[in-house]
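First up is the structure itself, then whatever we jot down about it.
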Amino acid sequence: MQKASATPETMNVTGAEAIIHCLLAEGVDILYGYPGGAIMPVYDELFKFKDQLHHVLTRHEQGAVHAAQGFARVSGRVGVAMATSGPGATNLVTGLADAQIDSTPVVCITGQVPRHLLGSDAFQETDIIGISTPVTKWNYQITRAEEIPEIMAKAFYIARSGRPGPVLVDITKNAQFDSLDFQYKPCKGVRSYTPIPEPDADAIARAAEMINQAKKPYIVYGQGVILGEAEEELKAFVEKSGIPAAWTILGLSAMDSDHPLNVGMVGMHGNYGPNVLTNECDLLIAIGMRFDDRVTGNLETYAKQARIIHFEIDPAEVNKNVKVDLAVLGNAKETLSLLLPQVEARSHEAWLGEFRKKYEEEYASVIRKDVTPDKPGLTMGEVVAQINKATDHRAVIVSDVGQHQMIACRYAKFRESKSNITSGGLGTMGFALPAALGAKMAAPQREVVAIIGDGGFQMNIQELGTIFQTRTPVKIVVLNNDFLGMVRQWQELFFDKRYASTVMTNPDFVKIAEGYYLKARRVEDRASLAEAVEEMIASEDAYFLEVRVEKEDNVFPMIPSGASVSDIRLK
């Protein structure tokens, strides 16, 4: 969590300087942004504090907010992005929406036209409060300098507390220029806002009773475990209860990928057993996940035979998509700690064996061909396997959106939490490159590898300039199949191979990377792959690796849209 520095004594400062003091008081030491006229007073003050507060000039405001997300996801702290009014502010919206649905703590600060010009269609005026309301946890427009300390404290508190999320603070230019008597008081609560529900002892006791009675219990855990810092509690619960556990795409890395009770990933392109056996368990224990449609498939057929317990911090998620038998509200770290003494030590070896049998089927039909192919062309799966080997499963993997994302989440192996960074709920192409920059700045001691498709790479390709300017040693792998691969797969399977607007005529990515003064290489054959990946990982500088992969490979297993999890296809 953020660490607050010493509270400054009361002093008379401008609103712009007050913003800087607020950031420093909240322990912020890095932020991402792009200057412009309406936020220029803050940037002027930022220049004076550059030894205390490092600003990263991204090449696009969307890059700034995604970088702040990557920073937040790896560090567990609040990420900060800043932009000017009008187009600068609207360029943040995609990242705000992404952070909202993926529960990422981000504070975005935008400049705004002077108070007396609000509503007049002044130059670069946009109602960013109205625009961002649906995609933020909270937002506020500051029009008077005196409001700054209280609102900024509240912004950071709301962003990080309970179920985290993005907050936007819009500041008119007059409020930046005007003076105030500044003193900072960290926010410790907001009336009518209860970020963490108090655990119910009776609900926990009932949950323990249901778990102890179950013959085929099954755990599905999500990002709530990571956000709640409940990794050790989850592991203790799984090991004591002996219950097979599967992860959602954002829950990946909360437990060691090779833990014997970790049985794989649920979802549209998840593992075969975890999906099929959802409809055979007698008790489904959902921990810190929200029953997204990509996890449940057809709600009319999802786990109808099972009783369901939902461990959840956000009451709004309970019974929203799936009707549950018992809700256990609270932070997963606390509720699992209270549950653990009441759970009996058991083994479910026969039930676990059913997952193993399904894995063997999936391995024979899908996995073996993905990671040790016998075809001449390279597969995405074998590239991820080589990255696993070269990094000893300890890298932070930042994936974009598409086929490569599903392959990365299926085959990347992790031994540490906060290692799988991807755009889950919104599915934002262009996320990975700037998010990897933020991730590496959050954890400079860890290897950070961005895995990106040729389509998503070009959506924020300009952030190569930020990586070069900041000398951030991110490793970038583009899996190039000259297609918008995931859309093409759907067109092949469900639209009679009518490849409408999915063929990509791509530039020379290596030359572009070299144009940004990055080390760059292209691999087109299996004989060169391992050596190229090892060279990339060994580099002390940023490195770009393009891998030409099979053009029309598909990602399986796959649950067709609207189908039941039981209808998952192996081919």
Side-chain angles (χ1 to χ4, degrees), residues 207 210-211 213-225 234 237-238 241-252 254-255 257 259-312 317-328 348-363 365-367 406 409-410 424-425 555-570:
M210 292 167 71
I211 291 165
Q213 292 175 350
K215 292 182 169 54
K216 288 186 175 183
Y218 176 34
I219 295 167
V220 178
Y221 62 89
Q223 190 185 204
V225 172
L234 172 67
F237 171 48
V238 169
S241 66
I243 299 174
W247 61 79
T248 69
I249 192 172
L250 294 184
L252 176 56
M255 280 181 63
S257 299
H259 192 287
L261 289 170
N262 227 359
V263 294
M265 184 170 75
V266 293
M268 179 172 281
H269 291 286
N271 293 105
Y272 187 52
N275 278 299
V276 170
L277 296 175
T278 298
N279 282 355
E280 295 184 25
C281 67
D282 63 356
L283 178 67
L284 179 61
I285 306 158
I287 305 174
M289 54 86 79
R290 60 186 181 83
F291 293 108
D292 175 78
D293 64 294
R294 290 295 175 101
V295 166
T296 65
N298 187 344
L299 287 170
E300 296 300 318
T301 60
Y302 182 77
K304 291 300 180 183
Q305 80 295 336
R307 294 196 294 173
I308 300 175
I309 304 173
H310 194 180
F311 287 79
E312 176 58 47
E317 292 295 344
V318 176
N319 295 320
K320 186 176 81 173
N321 296 326
V322 172
K323 179 73 174 176
V324 303
D325 296 273
L326 176 64
V328 180
H348 294 281
E349 192 58 33
W351 171 229
L352 185 61
E354 295 187 38
F355 286 89
R356 293 178 181 141
K357 288 178 184 176
K358 296 295 184 185
Y359 177 82
E360 290 169 5
E361 290 181 54
E362 183 182 350
Y363 184 87
S365 296
V366 178
I367 297 172
M406 296 296 102
C409 291
R410 282 177 53 77
V555 183
F556 287 105
M558 179 181 183
I559 303 171
S561 181
S564 167
V565 291
S566 300
D567 296 329
I568 188 169
R569 297 169 51 171
L570 288 173

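Keep in mind that the numbers below use all heavy atoms, side chains included, and drop hydrogens, waters and symmetry copies.
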Euclidean distance, Asn275 CG relative to Met265 CE, rounded to 0.5 Å: 8.5 Å
If you compare all heavy atoms of Asn321 against all heavy atoms of Arg290, which two are closest, and at what distance to 0.1 Å? ND2-O, 3.4 Å
Check: Pro217 and Asp282 side chains under 4.5 Å, non-hydrogen atoms: yes
Does the pair Lys320 and Glu317 meet the rule for a side chain to side chain contact (heavy atoms under 4.5 Å, CB included), with working shown? CA-CA 5 Å; Lys320 186 176 81 173; Glu317 292 295 344; 3.0 Å; yes
Minimum heavy-atom distance Leu252-Ser257, with the two atoms named: CD1-OG, 4.3 Å
So how far is it from Met558 CE to Met268 CE, rounded to the nearest 0.5 Å? 5.5 Å
Using atom types as modelled and distance alone, determine if a side-chain donor or acceptor of Asn279 lies under 3.5 Å from a backbone N or O of Thr301. yes
Backbone N or O of Arg294 within a donor-acceptor pair of the Asp292 side chain at under 3.5 Å? yes
So do Glu349 and Arg356 actually touch side chain to side chain, heavy atoms under 4.5 Å? yes
Is Ile568 close to Val276 at the side-chain level, that is, under 4.5 Å between some pair of heavy atoms? yes
Step-by-step side chain to side chain contact (heavy atoms under 4.5 Å, CB included) determination, Ile243 to Ile211: CA-CA 9 Å; Ile243 299 174; Ile211 291 165; 3.8 Å; yes
Please answer whether the main-chain N or O of Ile309 pairs with a side-chain N or O of Asp325 as donor and acceptor at a distance below 3.5 Å. no
Answer whether the closest heavy-atom distance between the side chains of Asp567 and Ile559 falls below 4.5 Å. no
Should we say atom NZ of Lys215 is surrounded by more than 12 heavy atoms from elsewhere, each under 6.0 Å from it? no
Side chain to side chain, Thr248 and Gln223, heavy atoms closer than 4.5 Å: no
Please report the interatomic distance CD(Glu300) to OG(Ser564), rounded to the nearest 0.5 Å. 11.0 Å
Measure across Cys409 and Ile249 and return the closest heavy-atom pair with its distance rounded to 0.1 Å. SG-CG1, 3.5 Å
Would you check, one step at a time, whether the test side chain to side chain contact (heavy atoms under 4.5 Å, CB included) holds for Gln305 with Lys216? CA-CA 11 Å; Gln305 80 295 336; Lys216 288 186 175 183; over 6 Å; no
Side-chain heavy atoms of Trp247 within contact of Val225, under 4.5 Å: no
Hey, are the side chains of Phe237 and Ile287 touching, using non-hydrogen atoms and a 4.5 Å cut-off? yes
Could you tell me how the ring of Phe355 sits relative to the ring of Tyr218: parallel (under 30°), tilted (30 to 60°) or perpendicular (over 60°)? tilted
What's the separation between atom CG in Leu326 and atom CZ in Phe311, rounded to the nearest 0.5 Å? 7.5 Å
For Met406 and Val555 the tightest heavy-atom approach is CB-CG1, 3.9 Å
Looking at His310 and Ile285, would you say the former's side chain and the latter's main chain have a donor-acceptor pair under 3.5 Å? no
Search all heavy atoms of Ala245 against all heavy atoms of Tyr221 and return the closest pair with its distance. CB-CE2, 4.0 Å
About how many Å separate CE of Met255 and CG of Leu261, when rounded to the nearest 0.5 Å? 6.5 Å
About how many Å separate CD of Glu280 and CD of Glu354, when rounded to the nearest 0.5 Å? 6.0 Å
Has the side chain of Thr296 got a donor or acceptor atom that lies under 3.5 Å from a matching backbone atom of Leu299? no
Considering all heavy atoms of both residues, which atom of Ala306 and which atom of Cys281 are nearest to each other, and what is their separation? CB-O, 3.5 Å
CA sep, side-chain torsions, deciding dist, call: Ile308, Phe291, side chain to side chain contact (heavy atoms under 4.5 Å, CB included): CA-CA 12 Å; Ile308 300 175; Phe291 293 108; 4.0 Å; yes
Hey, are the side chains of Pro557 and Glu361 touching, using non-hydrogen atoms and a 4.5 Å cut-off? no
